[in-house]
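Structure first, commentary second.
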Amino acid sequence: MPVISANLQAVRLRLAAAEQQAGRPAGSVALLAVSKTFPPHAVREAFDAGQRAFGENYVQEGVDKIAALAALRAELEWHFIGPLQSNKTRTVAEQFDWVHSVDRLRIAERLSAQRPASLAPLQVCLQVNISGEASKSGVAPADVLPLARAIAGLPNLTLRGLMAIPEPSDDPVAQRRPFAALRALLDTLRREGLALDTLSMGMSADLEAAIAEGATIVRVGTAIFGARPPARP
Ligand SMILES: *Cc1c(COP(=O)(O)O)cnc(C)c1O
């Protein structure tokens, strides 16, 4: 069996085991395959093994891949999960189905204004700086509620929930803490009347901890496609 297909199968088993362990319904966690740095044929291989949702971090790389796989566009779901600058919002609004990394109103306003009327609303998550690291992107937890209210009012976006990339940890107990904090924040927003259903959290190394704390989308790269070259500067 080709490597990507075998890896995907192994990740699906991890997801199913984690759902069961957490007492959550089978199939309640969606798998986003993070294909950044991997070529279109790797996405094609995952597609042939049944995967439909893919995540990209870099705008140009993402749109090049979307174009290379244009024949599959109607069957694929493309998620933008990387840092987003104002000058790239139009491309993202025109090409992607989801954005997980919205962390300021100006970016959300541009995405809404630039979303083509012919497309369904762009599905968005707010990225939260849940570990409180100065260097990380994401909105501070204390600022999430007003930002979520403002974004929920934009016409061409559907605010779905929250996303976080906690500080890595090898300790399963420590891994759960930031995920629990993100879930608590989502619960707060719901109590405030926002109709949200998505917690985008958990990656190759910590998806079990994220699922235990209520993740609805896990974003998995390495465990599906293999190791990446070191991150770009
Ligand atoms: C790269 C990346 C992932 C995937 O990470 P892995 O550890 O390779 O599974 C998930 N989310 C975001 C935002 C990423 O940039």
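Side chains are part of it too, since the values below use all heavy atoms of this structure and drop only hydrogens, waters and symmetry mates. Note that ligands are numbered from 1 as they come in the structure, with each ligand's atoms numbered from 1 the same way.
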Per-atom contacts of ligand 1 with V220, taking only distances under 4.0 Å to non-hydrogen atoms:
9 (O)
With heavy atoms only and a cut-off of under 4.0 Å, state how R228 meets ligand 1: side chain, backbone, both or neither.
side chain
Cation-pi geometry met for R52 and F47 (6.0 Å, 45°)
yes
Is R177 salt-bridged to E213, going by a charged N under 4.0 Å from an acidic O?
no
Near I165 (heavy-atom distance under 4.0 Å), the atoms of ligand 1 are 13 (C)
Taking only heavy atoms of N57 into account, list the atoms of ligand 1 that are under 4.0 Å away from them.
14 (C), 15 (O)
Let me confirm one number: the CD1-CZ distance from I165 to R219, rounded to the nearest 0.5 Å.
5.5 Å
Atom 12 (C) of ligand 1 has as its nearest protein heavy atom I81 CD1, 3.6 Å
Starting from atom 11 (N) of ligand 1, find the nearest protein heavy-atom neighbour and note its residue, name and distance.
R219 NE, 2.8 Å
Closer than 4.0 angstrom, basic N to acidic O: yes or no for R44 and D48?
yes
Nearest-neighbour protein heavy atom for atom 3 (C) of ligand 1, which is reported as residue plus atom name and distance:
M203 SD, 3.6 Å
among protein heavy atoms, the one nearest atom 8 (O) of ligand 1 is T222 OG1, 2.5 Å
Okay, side chain of S101, backbone of G82: is any donor-acceptor separation there less than 3.5 Å?
yes
Return yes or no for this condition: an N or O of G221 is under 3.5 Å from an N or O of ligand 1.
yes
Got the closest protein heavy atom to atom 9 (O) of ligand 1, with its distance?
S204 OG, 2.5 Å
Treating T89 as the side-chain partner and Q85 as the backbone partner, does any N or O pair qualify as donor plus acceptor under 3.5 Å?
no
Of all the non-hydrogen atoms in the protein, which one sits nearest to atom 2 (C) of ligand 1, and at what distance?
K36 NZ, 2.6 Å
Checking salt bridge (Lys or Arg N to Asp or Glu O under 4.0 Å) for the pair R73/D97: CA distance, chi angles, key distance, verdict?
CA-CA 11 Å; R73 185 65 188 92; D97 302 299; 3.0 Å; yes
Under a 3.5 Å distance rule, please check whether E61 uses its side chain to pair with a backbone N or O of V59 as donor and acceptor.
no
